[in-house]
Amino acid sequence: MLLIHPPLAKAAEPPTGITALAGYLRGHGISCAQMDANLEIQLWLMETAENPQDTWSTRAHKHRLKNLASLRTTATYSNIDRYQRAVRDCNRVLELAGAEYPELSLSLANYEDAGFDALDSRDLLGAAASYKQSLFFPWFRQYLAPRIEQQTPQWIGLSLCYLSQALPTFALIGFLRATFPHIPLILGGGLVTSWMSNPQWNNPFAALVDHCIDGPGEKPLLTLLGGAEQQEELAPDYSGLPLSDYLAPGLILPYAASRGCYWNKCSFCPEPAEASRYRPVEVAVVMEHLHGLCRKMQPALIHLLDNAVTPSLMEALCAQPPGASWYGFVRFHEQLADPAFCRQLRASGCVLLKLGLESGSQEVLDAMRKGIRLELVEKVLEALKQAGIATYVYLLFGTPTESVTEARQTLAFTKEHHEAITFLNLAIFNMPLGSREADTLKAQPFSNGNLSLYQDFEHPRGWDRRNIRSFLDREFKRVPEISAIIQRDPPYFTSNHAPFFSPHFCLESAPMRVKSC
């Protein structure tokens, strides 16, 4: 089987979907190859970009290989200005590569096409039918086709995780159907799972794709391929991928210790709306995997992909450090309010924690059923600061119980604790389709497409998206303490590169590890 991670998404680390599937299938004796077409296509686009027309494009094009190399060099990350210049120049070359396609919006983190709606199945089918007009078609023909002919896979699986991958994935599907009509195609991944969780789902891709798989794909895929399950939990397998080519100063190792969320109570969250079940891997198995992968792979950084790393896993990481620096998403928890425990986390290799605060208003947090108190948040932020662990704090504006009054409470809270907040992510609320609370609001279509995951609504307090954007631009971002946090966010790569910019740590050139300064 050939497993493909399609374009376009951030290319800082190996893709988790196909590496998890590869580890599971190979562990059950099924041969498979994996291809990160996302990484390969981005590098190909930057290599083949031509005809710069302005000073910036000319400079970026001339130094494109140097800039790519610098993103893989530890010294670059010791100077935020040098880093940002390299990233923006690489992004400029990508834009240049798509310049002949004026309808495209192309970046290191996103792909949009004004001519197609990625949330409409008819447009996705149109992208498949017009694959020869795709920006990626020359790569499909010149590089992908010969490898498929050489490997002769009996199956091809595509992992569609992000909306930015949707249109390129269907262009790829159109090419595969036309060029290798005898090879069955299997489509899975996080975005496909979300589509299929909609009660109105009626597979519109049956004529193109032989099988669509929702949820964890390991067992369904094994069954399709005629295998019998012998081991449930197997470590991901990264072999066969160009591990030295990713855009990071050393290998970032993605690992998921669970699927779903152990809290799973927040209102308006896609997890309960999609009826996602929490599936943890036993902590002992996780530690065995991490230690084995670190011995074998010598990563610069472990990226724990869980929606929220559990307290028990954090305790295990403290007791048995994995052998590499690590970061991940956690809930505000009493455990993290203990300065001694946070120091143990730091000693285990923890360099950054991502935390979903959402709001600085206790009323809004209670209405969202976040299960946290602002008094606890203050203690956690201070304890992490004292321990030298960077924080990436997520804020969400526009939930139904928020107004500008509560948004200003969030502003005040953020300003008060700015010294303990290293990075910020600001988002505007989207209401998931199927949310239990949606029936209490006057809803309207978020998109004309039949694959939309969200619905718009009439805000009961008049706090609409236009007002929120105005508040963020004219008030929130203009507070000097907050502006300084926002400006240090790594462009395009955001949290994927943020651990390398923790103010408490520096990168040394060899080995590629995060080191306490």
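Only a predicted model underlies this, so the values are computations on that prediction, with no experimental measurement involved.
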| task | Give a yes or no on whether Y246 atom OH has more than 12 heavy-atom contacts from other residues, nucleotides or ligands under 6.0 Å away. | result | yes
| query | Would a 4.5 Å heavy-atom cut-off, applied to side chains only, mark Y327 and H303 as touching? | reply | yes
| message | Looking at H418 and K415, would you say the former's side chain and the latter's main chain have a donor-acceptor pair under 3.5 Å? | response | yes
| request: Look at the aromatic rings of F170 and W195 and report parallel, tilted or perpendicular, splitting at 30° and 60°. | output: tilted
| task | Evaluate ring-ring contact (aromatic ring centres under 6.0 Å, His included) for F423 paired with F501, printing each intermediate quantity in order. | result | CA-CA 10 Å; F423 303 98; F501 291 100; 7.5 Å; no
| Pair R26-S239, side-chain hydrogen bond (donor to acceptor under 3.5 Å, both in side chains): steps then yes or no | CA-CA 11 Å; R26 289 168 178 165; S239 57; 3.0 Å; yes
| said: With a 6.0 Å cut-off (strictly less than), is the heavy-atom count around CD of Q150, excluding the residue itself, greater than 12? | reply: no
| If every non-hydrogen atom of A11 is compared with every non-hydrogen atom of L39, which pair is closest and at what distance? | CB-CD1, 3.9 Å
| message | I'd like to know if the side chain of Q362 and the backbone of I372 have a donor-acceptor N/O pair within less than 3.5 Å. | response | yes
| task | Indicate yes or no: at least one non-hydrogen side-chain atom of W155 is less than 4.5 angstrom from one of L2. | result | no
| field | E13 and N496, any side-chain heavy atoms less than 4.5 Å apart | value | yes
| Sub-3.5 Å donor-acceptor pair from the side chain of N91 to the main-chain atoms of L108, do we have one? | yes
| said: Quick test of your reading of the model: are E40 and R147 salt-bridged, counting only N-O distances below 4.0 Å? | reply: yes
| Check: L172 and F136 side chains under 4.5 Å, non-hydrogen atoms | no
| Is a donor on one side and an acceptor on the other found under 3.5 Å between the side chain of T391 and the backbone of A420? | yes
| How about I148 and P153: do any of their side-chain heavy atoms sit closer than 4.5 Å? | yes
| request: Look only at the side chain of N307 and the backbone of G260, and say whether a donor-acceptor pair between them is shorter than 3.5 Å. | output: yes
| request: Please examine the side chains of D245 and D36, heavy atoms only from C-beta on, and report whether any two atoms are closer than 4.5 Å. | output: no
| message | Can a donor-acceptor pair be found, under 3.5 Å and without considering hydrogens, that links the side chain of H291 to the backbone of P321? | response | yes
| For the ring pair Y83 and F493, is the centre-to-centre distance below 6.0 Å? | no
| So, do L253 and L290 sit near enough that their side-chain heavy atoms are less than 4.5 Å apart? | no
| Closest non-hydrogen atom pair, S164 against N110 | CB-OD1, 3.3 Å
| Between H497 and Y492, does the ring centroid distance fall short of 6.0 Å? | no
| task | Determine yes or no for a side-chain-to-main-chain donor-acceptor pair under 3.5 angstrom, with R88 supplying the side chain and P491 the backbone. | result | no
| query | Would Y162 and Y111 satisfy ring-ring contact (aromatic ring centres under 6.0 Å, His included), going step by step from the backbone distance to the final call? | reply | CA-CA 10 Å; Y162 309 109; Y111 176 100; over 10 Å; no
